2 protein chains.
Amino acid sequence: MAISVRDVAKAAGVSVGTVSNVLNTPNKVAEKTVTKVQAAIDKLGFVRNDAARQLRAGKSRSIGLVVLDVRNPFFTDLARGAEDAAQEFNMSVLLANSDEIAERELAMLSLFEEQRVHGVLVTPVSDDLEPFKKARDRGTPIVLVDRKSKDKNFSSVSVDDVAGGYMAVKHLIEIGRKKIVFAGGPMSIQQVSDRLKGAQKAVAEQLGISLEVIDCKSLTVLEGRAAGEQIIARPKTKRPDAVFAANDLVALGVMQVCLKPEGMSIPKELSLIGYDDIAYASTALVALTSIRQPTHEMGTKAVELLLAIAEDGDAKPRVRHIEFQPELVIRDSTSAK
Amino acid sequence: MAISVRDVAKAAGVSVGTVSNVLNTPNKVAEKTVTKVQAAIDKLGFVRNDAARQLRAGKSRSIGLVVLDVRNPFFTDLARGAEDAAQEFNMSVLLANSDEIAERELAMLSLFEEQRVHGVLVTPVSDDLEPFKKARDRGTPIVLVDRKSKDKNFSSVSVDDVAGGYMAVKHLIEIGRKKIVFAGGPMSIQQVSDRLKGAQKAVAEQLGISLEVIDCKSLTVLEGRAAGEQIIARPKTKRPDAVFAANDLVALGVMQVCLKPEGMSIPKELSLIGYDDIAYASTALVALTSIRQPTHEMGTKAVELLLAIAEDGDAKPRVRHIEFQPELVIRDSTSAK
DNA sequence: GTTGTTTTGTGAATCGTTTCAATTTGTGTA
DNA sequence: TACACAAATTGAAACGATTCACAAAACAAC
């Protein structure tokens, strides 16, 4: 039913090989032949069958990307970066989300292997990397994203969260803040504890700065609001003059509460800094100072790294780790007193 | 290099046909043969080649979905619904975004055709549906999503925005509000003008209700804030007692401004209702009443409709339109005086 | 007109899976 | 033991694009 190269060849009065050449290497074909074949293609409405192409080629022209949650802007930005890089190599990115379910992650991995993708970028759900090891042994390159692989055998692309935490608190100190609160949790999340570690490092460098931790059950607006309530319930002398939130959602929660009439003024009485620089950060009532991660670039570099590994072939499974530095974005929610 | 069914067959001492049967219809194969073949598969690390499968089948097991923006929760929810439905039919959804660029949209469409997808769901960038017509004529079913097709030849799945607007204002009237503001724009967006139309209809049904329109340049938090500023700048007697915002972002902007000390109390002095019921709506300082669209279900139904059409084959290009009703979600931002 | 060189065009073989008609094996009954 | 019938297995053909060794044509130089 569908039109094939053979049909086109017959219609144009040439051989199938020539049709294929017109499609792939038109400069190797006489100009008038190209025109003739193109005309036949247009007339018949021929559409290449990608499955046949891939079968012959042995590999698809795509890269798999498995993220934890497609609704998270962090991952969509990352995906966009990956797509942009892939396009440079005339490839495309297949996006899949695991929903943080190991089972789904596995299913997507199998799907990608069956598709014979050039490689897979993944933010693993758990620490069990066995399935990825197997896939790699079968010849599918793997790159971990947003995770420093404990397992040194996997290449990875990640962000230096310790540096981000340091950067945030350093900024607060530089604008003269002395009583700082870190709002975030749980500490079991590596990102959170790393950010706190960076914060502590900045505090240790300077005398006369205090750092208090308000632990949160999760990184949500609601938890941020709880932290805020806890702060404004205190007598004025016990209140901090700055809050470093483990992410922007928590920061926005703190802000909502503090801007109530009985709260504190931002940034004068309380300077506030978040983390991630999500889109909503800049549209908050007081534009939020935040730490931005080079999300787009991470996607780009991850793809480049993946293709470099694929290039190597079976020979030497070269392992590389790329760590990005975050960036301070100063807006209205932080200022000197 | 890669392992094929032939290798598995040799290793297991059976024919390729049997290996295929083990893979696809294990109940047609003797139990001990299945075990034998499975062992060989595991030992060799055989992974099915999907390209070859598809080539033989003539069609892929996927459905294409082209959305305007993957970052928009509306579309990710829709995609999720589509995925869920597809899974029922043992199919998968390929998600692509056009970024509202006609050229990209076209590229994705071609890609999908080359992949021999079962069909394409699309929210078209422009009114020019010519490329989709061509694709459909070549045998790829098309369903428009979130657009009532002016062109009656395309099947579609959409939401009744007039009903949503009616529902919102009806609710405001029922809780005793009389001076209502509609904040939103531009009116060139069909969704916006439809919602306003619904609002006007509700107002017309009751005596003594006024409806004022504050035009916005776009549906953003910033524009909502501008609308809010305009309201609280007025003397108390000239202020409305309710605002219906054309979407949640605008509503959140209005809320941010009104909650300032010199503003109005929500919901007492001012009741506020948004549209879309985005995730942030429920985490606002005052949880936002909103109109929810059955996004997930739209995705589900779109897939079902698509597959029904595909079922028909070339015979009769059956055309169907499904229109969903939105739903009122009452939270804290609306109440009686 | 012959020879050498480059440019175009040819078509059979190939990729890996599924299908299906034909064949073999197995089971139960007389 | 023979026969009928069901269950299990076989293997060649097919899907459609690409490749590549080879052939044909076109052109240039003498």
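Here the structure is a predicted model, which is why all the values come from computation and not from measurement. All values below were derived from every heavy atom in this structure, side-chain atoms included, with hydrogens, water molecules and symmetry-related copies excluded. Chain A is the first sequence line, chain B the second, and so forth, proteins listed ahead of strands; every chain is numbered from 1.
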Axis deviation across the helix from dG1(C)-dC30(D) to dA30(C)-dT1(D), five-pair ends, to the nearest 10°: 40°

Salt bridge R61(B)-D50(B), side-chain N to carboxylate O under 4.0 Å: yes

Minimum heavy-atom distance P141(B)-L306(B), with the two atoms named: O-CD1, 3.7 Å

Euclidean distance, atom CG of residue D7(B) to atom P of dC15(C) [Å, nearest integer]: 11 Å

Residue-phosphate contact under 4.0 Å: T18(B) side-chain N/O, dA8(D) OP1/OP2: no

N24(B) vs dT18(C): side-chain N/O to OP1/OP2 distance below 4.0 Å: yes

Protein-nucleotide distance (E113(B), atom CD; dG16(D), atom P), rounded to Å: 16 Å

Sugar-phosphate, base or nothing in reach of V19(B), heavy atoms under 4.0 Å: nothing

E297(A)/R80(A) salt bridge by N-O under 4.0 Å criterion: no

Sugar-phosphate only, base, or nothing, as touched by V5(B) at under 4.0 Å among non-hydrogen atoms: base

Contact list for DNA chain C against residues 46-59 of chain B - heavy-atom distance below 4.0 Å: F46(B), R48(B), N49(B), A52(B), R53(B), R56(B)

side-chain N/O S4(B) vs dG16(C) OP1/OP2, d < 4.0 Å: no

